[in-house]
Every structure is written in C-alpha cells, then in structure tokens.
Amino acid sequence: MQTLQEKASEWSGVSQSDAFAIDNDDTSLYEKLGLQTFINLSTNFYTRVYDDEEEWFRSIFANSKKEDAIQNQYEFFTQRMGGPPLFSQRRGHPALIGRHRPFPVTHQAAERWLYHMQEALDTTKDIDSDSKTKMMNFFRHTAFFLVAGDELKNPKQGIPCKHAA
Ligand code: HEM
C-alpha cells in the first residue's frame, strides 16, 4: 500500500524529498536544530530587516516591535518544523494570508524578505546546509503563497507578480 507521500510524489513527478522538503524526514528540523537555533535565526533575520538600508522594505515593519516580531517568527517556525505548538498556543491559528493583509506583500517585498533570510541562515551558527536548503524551499514557497494572497486582496492595483501569468 502506497503512502500518501508516495502517491503525491508520483502525481507531481518530483521526488519525495523535494515535494515534502520540511516534513518527510524521521528527524524534524526542530529536533535537529533545537529551539535556541530558531531564536538565533529570527533574531539575526529581524536585526537585518530593521536595519535595512532599503527604506521601503524596513518601513513595512514600522508598526511592529522588533522583539515581538522575533518571538512571533521563531514560535511559528518551531511549530511548523516539528516542535511544540508555541505559536498557536499564544496567537491562535497561523492564518498567514490574513495576518499579512495589512502589509504590501509584493513580489519585490518577497525577494527582499528571502534575501535577508538567506543571509540570516548563512550567518547563524549550527545550521547545516541540508537544513538551510529545506528551510529556504519552505520560505520561498510560503513567500510567494503570500504574494498570491496579496494580489487577491487588490486585484486591480499595482504591478502583477511575474509568477501570476
Ligand atoms: C513575503 C514577504 C513578507 C513580508 C513583507 C512580511 C511582512 C510581515 C510583517 C510586517 C509582519 C508583522 C511583524 C509582527 O508583528 O510579527 C509579519 C509577521 C509574520 N510573518 Fe511575515 N512577511 C513576509 C513573509 C513571510 C514568510 C515567508 C513567512 C513564513 C515562512 C512569514 C511569517 C510571518 C509570521 C509567522 C508572522 C507573525 C504573525 C503574527 O504573529 O501575527 N512571513 N510579516
């Protein structure tokens, strides 16, 4: 009997490890890396974001306190990557499209977010290259899922994401 993952990878024509990059290992990223690494990663990421020389990007975060943004992010990552449901216990359902509704999540903003996250991953200690690849795949997927959500919000405004066609 095929597992759901085997069926899904047959349908999509990609290997299981590509299709379920962060979900299919015996050891979760949380078990492998530990809570402190997620705290370090989110601190590193948001330090870059709040110091960004690109004012248009930095200003998207102007109404959030850096410490709160860090905690929201590492609790979400912890939960999404196999750890305890810290985010949902404190904040409720992630509902990421809804939570990003107030912000301009454009294609350009997604690329800037991913740029800072790649830099943060590369400079946070104790993250092996396999984990980095898995996380970046997940972040890229989620970032453009949010861009698509943003375009549904304002279908007639702005320049459409080039991935939308
Ligand atoms: C694509 C570009 C993105 C932009 C411009 C953006 C922007 C923001 C902003 C301004 C906040 C508010 C900060 C706070 O108070 O926590 C936020 C929160 C958050 N973002 Fe994003 N984000 C992006 C991508 C992502 C991605 C890729 C993920 C997940 C992989 C993500 C997950 C979250 C989470 C979990 C929160 C906290 C929500 C809450 O607790 O209410 N974001 N984001």
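The chain is numbered in sequence order, starting from 1. When a ligand or atom number is given, it counts from 1 through the structure's own listing order. This is a predicted model, so every value here is computed, not measured.
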Return the option from Tyr46, Phe57, Phe61 holding the heavy atom at the smallest distance from atom 10 (C) of ligand 1.
->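 Heavy atom nearest to atom 10 (C) of ligand 1 belongs to Phe61.
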
Flag for Thr133-Asp130: side-chain donor and acceptor within less than 3.5 Å =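 There is no such pair (donor and acceptor under 3.5 Å, judged by atom type) between the side chains of Asp130 and Thr133.
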
Pull out every atom of ligand 1 sitting under 4.0 Å from any heavy atom of [X], numbered as shown with elements.
X      : answer
Ile60  : 10 (C)
Phe139 : 27 (C), 30 (C)
Phe76  : 29 (C), 35 (C)
Ala143 : 1 (C), 27 (C)

For atom 5 (C) of ligand 1, what's the nearest protein heavy atom and its distance?
->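 Scanning the protein heavy atoms, the shortest distance from atom 5 (C) of ligand 1 goes to Ala109 CB, 4.1 Å.
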
Apply salt bridge (Lys or Arg N to Asp or Glu O under 4.0 Å) to Arg58 and list each qualifying residue two or more places apart in sequence or on a separate chain.
->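 Counting only residues at least two positions away or on another chain, Arg58 forms no salt bridge (Lys or Arg N to Asp or Glu O under 4.0 Å).
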
Using 2.8 Å as the cut-off, note every protein N, O or S atom close to atom 21 (Fe) of ligand 1.
->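 For atom 21 (Fe) of ligand 1, the protein N, O and S atoms that sit under 2.8 Å away are His100 NE2.
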
Lys/Arg N to Asp/Glu carboxylate O, [X] vs [Y], below 4.0 Å:
X      : Y      : answer
Glu75  : Arg91  : no
Arg140 : Glu111 : yes
Arg101 : Asp150 : no

Residue list, ring-ring contact (aromatic ring centres under 6.0 Å, His included) with Phe61, at least two apart or on another chain |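 Phe61 satisfies ring-ring contact (aromatic ring centres under 6.0 Å, His included) with Tyr46, Phe57 once adjacent residues are dropped.
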
Can you say whether the rings of Phe76 and Phe87 are parallel (under 30°), tilted (30 to 60°) or perpendicular (over 60°)?
->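 Judged by the thresholds at 30° and 60°, the geometry between Phe76 and Phe87 is perpendicular.
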
Evaluate the ring planes of Phe145 and His141, with Trp represented by its six-membered ring, and classify them as parallel (under 30°), tilted (30 to 60°) or perpendicular (over 60°).
->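 Ring orientation of Phe145 relative to His141: parallel.
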
Check this for me - ligand 1, [X], N or O atoms closer than 3.5 angstrom, yes or no?
X      : result
Thr142 : no
Asn72  : yes
Arg91  : yes

Spatial distance of atom OH (Tyr74) from atom CD (Gln36) [nearest 0.5 Å] |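 Between atom OH of Tyr74 and atom CD of Gln36 there are 9.0 Å.
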
Please round to the nearest 0.5 Å and tell me the distance separating atom CG of Leu121 and atom CG of Leu114.
->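 If I round to the nearest 0.5 Å, the distance is 10.0 Å.
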
Report the part of Ser64 (side chain from C-beta onward, or backbone N, CA, C, O) that has a heavy atom under 4.0 Å from ligand 1; answer both or neither where that applies.
->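 Looking at Ser64 and ligand 1, just side chain atoms fall under 4.0 Å.
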
Mind checking whether Phe145 has a heavy atom under 4.0 Å from ligand 1?
->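 No; Phe145 lies far enough from ligand 1 that no heavy-atom distance drops under 4.0 Å.
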
Partner set under side chain to side chain donor-acceptor pair (under 3.5 Å) for Ser28, not counting sequence neighbours |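 Side chain to side chain donor-acceptor pair (under 3.5 Å) list for Ser28, sorted by chain: Glu31.
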
